[in-house]
2 protein chains.
Amino acid sequence: MDSQARLDELLTRLREQGYRLTPQRVALVQLLIDSKTHPSAGQIYEQLHAQFPTMSLATVYKTLHLLKEMGEVLELGFGDDDNRYDASDPDPHPHLVCIRCRKIIDPDVPVFETLAQEVAAASGYHILSHRLDFFGICPACQEEAAEN
Amino acid sequence: MDSQARLDELLTRLREQGYRLTPQRVALVQLLIDSKTHPSAGQIYEQLHAQFPTMSLATVYKTLHLLKEMGEVLELGFGDDDNRYDASDPDPHPHLVCIRCRKIIDPDVPVFETLAQEVAAASGYHILSHRLDFFGICPACQEEAAEN
DNA sequence: GTGCTTGCAAACAGTTTGCAGATAG
DNA sequence: CTATCTGCAAACTGTTTGCAAGCAC
């Protein structure tokens, strides 16, 4: 789905559920969808603060919470770092994390429905979701390391 | 590997690297290895506090940090919850998380070396590690839900 | 106009750190 | 004996919350 379509979809969904389309919310949703790097709340705040000098971090968190509740955004927590947010596709999909520059991208890999089914069958769990992350060093950081 | 062998291995490795085997450390390592539920720092602290009434949370964290540095323990962070620790097998392996009771177990599933290779080839990343978590409801919690 | 939303500041939880006294080797 | 480790308390970081003023509808 292209960014524009996803943006329209999200804004429509917000309006339909009775939420107000404040400039801050629209800007945040736009930023989140345009970004390919899955930004953190702090990064979102920094960028929006340029547009809205009075905007607070609390609003960022409240809006992200709202989108999470609606199931329109994936919250990627790592425990040792701040959470990252992915609104491009709300269904679980793998992520590829550079442990050096902390960039996170969506790699193109086939999903594995079968594995989840196997796990469910073997464990008796009712599996609702999953998460698959790869950690490594991105091409840019590999080059940088080679130079030094 | 059985628990006793793993415990010996870990204690030996600590000693070899010049770390002191304090009673607190030995008890923590033992607890971690015996536990099948991947406890949090707080849970570890509560249990050890029964044995060592003066033991502090800081010591728990410091010891976990040490084991992490040695690569002998897996730290499982989720972002919305406290971190969980797995010392049974320091190599990455899938986890199965009950979203109701927060129990975490190691399911028996084949690992997928091929997928990591595919991702590496397609992205140019140098992949070092990965993490695969399934989220669902464990059999006990399913029953409990059915009763109510 | 109504009441949801914002922005501030304070609260919060998990984790980390500094330091003085305790202790493993 | 000595360097490491412990335990306390305070600091820190990311996130959440309460509340009065502001603004979307």
Side-chain angles (χ1 to χ4, degrees), chain A residues 10-29 31-32 38-70 73-85 102 104, chain B residues 10-29 31-32 38-70 73-85 102 104:
Chain A
L10 253 172
L11 294 182
T12 304
R13 213 157 278 177
L14 278 165
R15 207 180 298 115
E16 277 171 355
Q17 301 198 22
Y19 297 115
R20 294 186 182 166
L21 295 188
T22 65
Q24 293 94 324
R25 277 185 184 163
V26 175
L28 188 151
V29 169
L31 179 106
L32 208 45
H38 309 320
S40 67
Q43 291 168 338
I44 294 169
Y45 169 69
E46 276 175 35
Q47 295 208 42
L48 293 184
H49 197 262
Q51 285 180 60
F52 304 91
T54 72
M55 182 151 187
S56 74
L57 239 189
T59 299
V60 173
Y61 277 110
K62 283 168 184 167
T63 305
L64 288 172
H65 179 80
L66 179 62
L67 295 168
K68 236 191 309 172
E69 291 267 283
M70 292 172 65
V73 88
L74 241 43
E75 183 179 55
L76 306 174
F78 297 94
D80 60 336
D81 206 350
D82 37 9
N83 294 344
R84 307 284 289 260
Y85 297 88
R102 281 282 149 189
I104 301 178
Chain B
L10 253 172
L11 294 182
T12 303
R13 212 156 279 179
L14 278 164
R15 207 181 297 114
E16 277 172 356
Q17 301 198 22
Y19 297 115
R20 295 187 180 165
L21 295 188
T22 65
Q24 293 93 326
R25 277 185 183 162
V26 175
L28 188 150
V29 169
L31 179 103
L32 249 195
H38 308 320
S40 67
Q43 291 167 339
I44 294 169
Y45 169 69
E46 275 175 36
Q47 297 208 42
L48 293 185
H49 198 260
Q51 286 180 60
F52 303 92
T54 73
M55 180 151 189
S56 74
L57 239 190
T59 299
V60 173
Y61 277 110
K62 283 168 184 168
T63 305
L64 289 171
H65 180 79
L66 179 62
L67 295 169
K68 236 192 309 174
E69 292 267 284
M70 293 172 65
V73 87
L74 240 41
E75 183 180 55
L76 305 174
F78 297 93
D80 59 335
D81 208 350
D82 36 9
N83 294 343
R84 307 283 289 261
Y85 297 87
R102 281 283 150 189
I104 301 179

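Chain letters run A, B, ... following the sequence lines, proteins first and then strands; every chain starts at 1.
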From [atom1] of [X] over to [atom2] of [N], roughly how many Å is that when rounded to an integer?
X	N	atom1	atom2	answer
A/L11	D/dC25	CG	P	11 Å
A/Y19	C/dT2	OH	P	23 Å
A/L21	D/dC23	CG	C1'	13 Å
B/L57	D/dG7	CG	P	11 Å
B/R25	D/dC5	CZ	C1'	6 Å
A/D82	D/dT15	CG	C1'	10 Å
A/D81	D/dG14	CG	C1'	10 Å
A/Y45	C/dC8	OH	C1'	11 Å

Residue that, paired with B/I44, satisfies side chain to side chain contact (heavy atoms under 4.5 Å, CB included) out of B/L57, B/T63, B/V60: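 The single option meeting the side chain to side chain contact (heavy atoms under 4.5 Å, CB included) with B/I44 is B/V60.
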Any side-chain to backbone donor/acceptor pair from A/R25 onto A/R20? Under 3.5 Å, distance only. yes
Would you say the side-chain atoms of A/R84 pair up with the backbone N or O of A/F78, donor to acceptor, closer than 3.5 Å? no
So what does B/P53 touch, heavy atoms closer than 4.0 Å: a base, only the sugar-phosphate, or nothing?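 Here B/P53 touches no strand at all.
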Just to be sure I understand the rule, does B/T59 reach a base, reach only the sugar-phosphate, or reach nothing, if contact means heavy atoms closer than 4.0 Å? base
Between [options], which nucleotide has the shortest distance from any of its atoms to the side chain of [X]?
X	options	result
B/K68	C/dT16, C/dT17, D/dC25	C/dT16
A/N83	D/dT15, C/dT6, D/dG7	D/dT15
B/T22	D/dG7, C/dC8, D/dT6	D/dT6
B/Q24	C/dT16, D/dT6, D/dC5	D/dT6
B/R20	D/dA24, D/dA3, C/dG7	D/dA3

Taking atom NE2 of B/H38 and atom CG of B/L74, what is their separation to the nearest 0.5 Å? 8.5 Å
Quick one: does B/V29's side chain get under 4.5 Å of B/L14's, heavy atoms only?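 Result yes, sub-4.5 Å side-chain heavy-atom pair found.
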On DNA chain C, check which nucleotide each of B/H65 and B/P23 is closest to and give me the residue with the more 5' one.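 Mapping each residue to its closest nucleotide by heavy atoms, the 5'-most match is B/H65.
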Go nucleotide by nucleotide along DNA chain C from the 5' end; which of A/T54 and B/R84 gets its closest nucleotide reached first? A/T54
When you match A/A58 and B/M55 each to their closest nucleotide on DNA chain D, which lands nearer the 5' end? B/M55
Any B/S56 side-chain N or O less than 4.0 Å from OP1/OP2 of D/dC8: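 B/S56 to D/dC8 OP1/OP2: no side-chain N or O under 4.0 Å.
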